[in-house]
Every structure is written in structure tokens, then in C-alpha cells.
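Report on the following structure.
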Amino acid sequence: MQGAIVKRPRLITIISIIGFCWVIISLPGVFAPSVKKINDWMPALLGAIRASMFIAFIGIWYMKQWGVRLFISIFFIKEIVFLLIDDSNFLSVILSVFFIVCMLVYYKRMDPNL
Amino acid sequence: MIFLGLFRESILFALHALVVNKLRTFLSLLGITIGIFAIIMVFTVVDSLEQNLRKSVQSLGDDVVFIEKWPWTFGPDYPWWKYMNRPLADYTELDEVLKKCNGAQSAAFVTSARITVKYRSSSIENVTIIMASHQYDKVKNFEIAEGRYFAEIESSAGRPVAIIGDVLAKVLFPNQNGLGQTIKVNGAKVTVIGIFKKEGESILGGSPDTQVLVPVNYARSLIDIRDESLEPQIMVRAKPGISNDDLISELTGLMRSLRKIKPLQEENFALNQTSLISNQFDSLFDIVGIAGWIIGGFSILVGGFGIANIMFVSVKERTNIIGIQKSLGAKNYFILLQFMFESVFLSFIGGLIGLLIVFVITLLAGDSFGMEIVLSKSNVILGFTISILIGVVSGFVPAYTASQLDPVEAIRSN
């Protein structure tokens, strides 16, 4: 592997593992019949959000700043979409905000390169 | 421009991988193909069934309430012995509903039976005869292709006239127009004054194509319309702007007063509406959809691992090429996107094959299941979305690994 090797803090490891499990468990859910009923393009939109989140967690796992930036961007996009379809989940927001705070604590120690 | 070049190059790499390692690629794509096929096939069948059911329910009328003895849906511990003793809907109650129900636009007394229809030497047994009062055309959605509906005098005086289904007309009168002909219904002569427009099979049964409609006042002379087995009902259509719930609450009060039910006594009638049927089927379709989605989801998961595997092998095989590309100035994102495109392209082909199989099956199936099975636009979008997303998710880690390779070490590798 190229680039700066930054030792990953235990908290980021735990967050990344929870994140991977969260995305993998929730990814099939975006293709559920109930989502398809909202709009033809809704599974595509939610699927793209989940896939981006998965990529963000890979970036966070490798201690890359782009992972954190991607996660925060996707968090806001996701919440806007969920608010529009009136499906916002308070627990998910709290968990995401907690993840973001933890990531930002270690943000400066992360690699700014791709 | 650089993006297009990258896109072209990635597609060429993917095609090369497909051609050089045919069996490996085929086996890897098979998971995605089976997954997409399973999910989209189930969704296609469920959507087609649902569409067909909605069409059938709509023909019964969304804004129609049915006054009957039996409810259409029962709970797990419904007291059937209580329902058994309920009185049947009565023709005299229709007059009261028409007079006193403010929310009703129209209402009709309807009952049905099985009879034998004859025309000269042709005879058809077990034909459904619908015996209805005059406003039947206002509470039931149907079209008359030839002829006309009953005149008021024909309904009230009980004249021997009938409107018959399209299929029935074609069988009874193969080489002539059935209008004005006299058929025999249970031995009595009836003049055909109209032919229903062909509607095809209904998922709920009872297609008008094979039915005979006669005025209920005429049917009294043929059949005992008070027979319990005929399950008579009063169909009440709500006025525009009146909801079914409002109509039901008005009808409940009216029927309770008509049948002299005391305030604390239970009702001895059922007020049914079509939403009861569609709600029952909605939950069934949801379960079938979820089952298909779980089965297909596992296939796709396995397919995703297959794609990830093929991509790791691809990165390993092309490590020295990656090294050369990077030493010549290729950026990390260029290598990353190159492998990502390849992964998405491979997955896309898997999904495309799956969708093509579904499309071919829908074409072959045609109308053989008594309904048209159509691969809808939403399912095509869903199929492509799933395959592209699986390509992205399963290809990102190998692509990222490739992009992070040290050029010197990469060139040295075999």
C-alpha cells in the first residue's frame, strides 16, 4: 500500500465494523417492495446512498479523510431524502451523529490523500 | 474526454476478461444473473397479479358498499354460527335504502344462480345468471358492446329480456348477430337485447363474458330468489364526494332501524366493500414480494462475492500493468475508476442477462396464465440498479487495493 500509514484507533475500527454490518444488512432493504412503491427511482437513489456509505466506511477503515467527508455528505443527503419521504429514523440520526463526532476527533490524524 | 477514454479502456479490459477466462467469468456472472432473475421474475409476476386484481376489484366498484348476510373477511375466531342465523338481504330493503339513504347515488338488488341456456340445438349448462334490479348499470362497471340496457318498464314489469356475455354470444350465435334472438333460460323464452363488451378472465372469477343478466322481477318467475344459496345482496354506490366510511355509517344506522335492531344488540348484516379484498391481497403480495426478494437477495450476495473474487484475481494478474501505468503518470483515481468500471460492467452484464431471461419468459408466457405478465419499467430500473450497485460494492475494495499499489513493487511482481 502506498501513502502514509496511519495506525487505526480502536474506536474507528469498531465504528467501521458496525458501519459495514449496518450497510450490508440495510442494503437489501432498499429493494424491498415497499420502497419500490414510493417511486420507480427510489430503490436506485437509496441504493446509491447505501453504496456510497459502504465506500465511505472503507475510506474510514483505511484512515482516509475522504471517507469522513463522504460519510458526512451522504448523511445529509440521506436525511434530506428521508425527510422528503417522511421516513426519518431518530435512532439512525443519533447513531450517525455519534459516528461523525468520533470520526472528526481523529480527522486530523487521517491521510488527506486518496 | 479523459472519462470517456477511461470508460472505453475499462470496457475493453472487461471484455478481454470475459473472452480470455470464459468459464471463470460465466460462473462469476451466474450468481448475479440468477439473483436478478429471481428477484425481477417474482416482482414481475406479483406486479402483474396485483394489476389484474386491481382491475377486477375496480370493475366491482371502489365506491360501492355491499349489504349482505356474510362478511367478506373473517378473523381467526369469527362466530360463524351467529352469521348462519342472519336474515338475507331483502328486495323490500332496497326501496328503503333508495328512499332514505342520503349518501347513496344508486342502489340495486342483485342475486345470481347457475342455469342452462339454450338456443336451437346449442345448449350451455352452468351459466351464471345475474338477476338485478334496474339501477344495476349504475352500481356495477360494465360496457355494452351491442344493443342496450334494460328500459325502466322492462325492469319493473319483469319483461323476458336479457343481456348476455360476449363469449356466450359467440358460442350460441356463431354465424349471426345475437341481438333480437330468443334464447331459452331454464326453459323460458328470453329476448337478447344487449351483448356485454368482452372483458376477459377476472382474477376474482365471474367474468361477464359468460354471464346472462336479466331483470330480477322477471327472474322471480324462473327461480326462487329467496333461496339462501343465491346469496342476494344490495349494492349501494356512494354519491360523488361521499366517502365509503360515511356511506357505511349511514347504512349501518338505516339497516339497524329497518331490521329493528335494539341499541345494544349486534348487527345482523354485513356491509362489505372492495377495499376488504384488495387489502387482503396486498398483504399476500407483500409476503410473496419479500420472499422473492430474500431468495434473490442471497443469490445476489453470492454473485457479489463472485464479482469481488474475479476482480481480486484481475488485480493480481495485472499488477505489473498497474505498476507500469502508475510509473507513466497514472493517478490513483484513474486506476481506481478503471477497475470500478470493469466490476460494474461485469455485474451489469450479469444483470442484463437476468433481465433478458425474464423478458423472454414473459413473452413466452403470454396469456397462458389467464392474465398478461408484463416486465414493467420500474422492474427494469430495479434490475439494472441492483446489478450496478452490486458491481460498485463488490468491486470497490479490489479497485481501491489496486489504486494503492506501489508502482515499483507492482512492476517487479510476476
Side-chain angles (χ1 to χ4, degrees), chain A residues 1-6 8 16-17 19-67 69-71 74 77-78 81 110-114, chain B residues 35-36 39-40 42-43 46-47 50 282 285-294 296-298 300-301 304 326 331-337 340 344 376-397 399-410:
Chain A
M1 285 276 181
Q2 200 185 30
I5 298 166
V6 183
R8 188 175 50 248
S16 303
I17 292 169
F20 288 135
C21 296
W22 180 20
V23 171
I24 288 170
I25 291 167
S26 61
L27 188 67
V30 304
F31 310 119
S34 55
V35 176
K36 212 177 74 165
K37 276 178 191 162
I38 300 170
N39 187 291
D40 284 354
W41 292 96
M42 194 48 82
L45 182 62
L46 292 185
I49 288 172
R50 294 275 184 260
S52 306
M53 211 157 241
F54 178 77
I55 291 169
F57 279 117
I58 290 172
I60 293 159
W61 176 267
Y62 285 120
M63 290 295 282
K64 302 286 178 181
Q65 285 185 353
W66 61 260
R69 290 199 294 267
L70 183 62
F71 184 84
I74 291 301
I77 294 169
K78 187 186 81 175
V81 171
M110 291 181 178
D111 181 9
N113 301 312
L114 179 72
Chain B
I36 296 289
I39 288 182
I40 303 303
V42 170
F43 282 169
V46 167
D47 285 357
E50 207 172 343
D282 277 352
F285 287 143
D286 282 349
I287 291 165
V288 176
I290 288 167
W293 159 65
I294 289 170
F298 276 109
I300 282 177
L301 195 69
K326 288 189 108 176
K331 301 277 185 199
N332 283 358
Y333 75 85
F334 180 86
I335 305 293
L336 177 85
L337 290 178
M340 282 289 286
V344 169
S376 66
K377 187 188 84 182
S378 67
N379 284 332
V380 173
I381 293 171
L382 188 69
F384 283 132
T385 306
I386 295 171
S387 50
I388 290 169
L389 285 177
I390 292 298
V392 171
V393 170
S394 55
F396 187 79
V397 176
Y400 189 70
T401 313
S403 73
Q404 299 296 299
L405 285 173
D406 182 348
V408 179
E409 282 179 20

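Everything numeric in this text was worked out from a predicted model, so none of it was measured. Order of the sequence lines sets the chain letters (A, B, ...), proteins ahead of strands, with each chain counted from 1.
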Closest heavy-atom pair, B/F396 versus B/M340, reported as atoms and distance to 0.1 Å, is CA-SD, 3.5 Å

Mind checking the CD-NZ spacing from B/Q404 to B/K326? Nearest 0.5 Å is all I need. 6.5 Å

Side chain / backbone / both / neither for B/V393 at chain A, heavy atoms under 4.5 Å: both

Please report the C-alpha distance between A/I17 and A/W61 in whole Å, then the side-chain angles of each, then the deciding distance to 0.1 Å, and finally whether the side chain to side chain contact (heavy atoms under 4.5 Å, CB included) criterion is met. CA-CA 8 Å; A/I17 292 169; A/W61 176 267; 4.0 Å; yes

Closest contact, heavy atoms only, B/S394 versus B/G304: CB-O, 3.1 Å

So for A/W66, is it side chain, backbone, both, or neither that comes closer than 4.5 Å to the heavy atoms of chain B? side chain

If you count heavy-atom pairs within less than 4.5 Å of chain A, which of B/V46, B/I390, B/L382, B/L336 leads? B/L382

Best-contacting candidate, A/I58, A/I55, A/N39, against chain B by heavy atom pairs under 4.5 angstrom: A/I55

Does A/M63 reach the side chain of A/D111, with side-chain heavy atoms less than 4.5 Å apart? no

Region of B/I381 that comes under 4.5 Å of a non-hydrogen atom in chain A: side chain

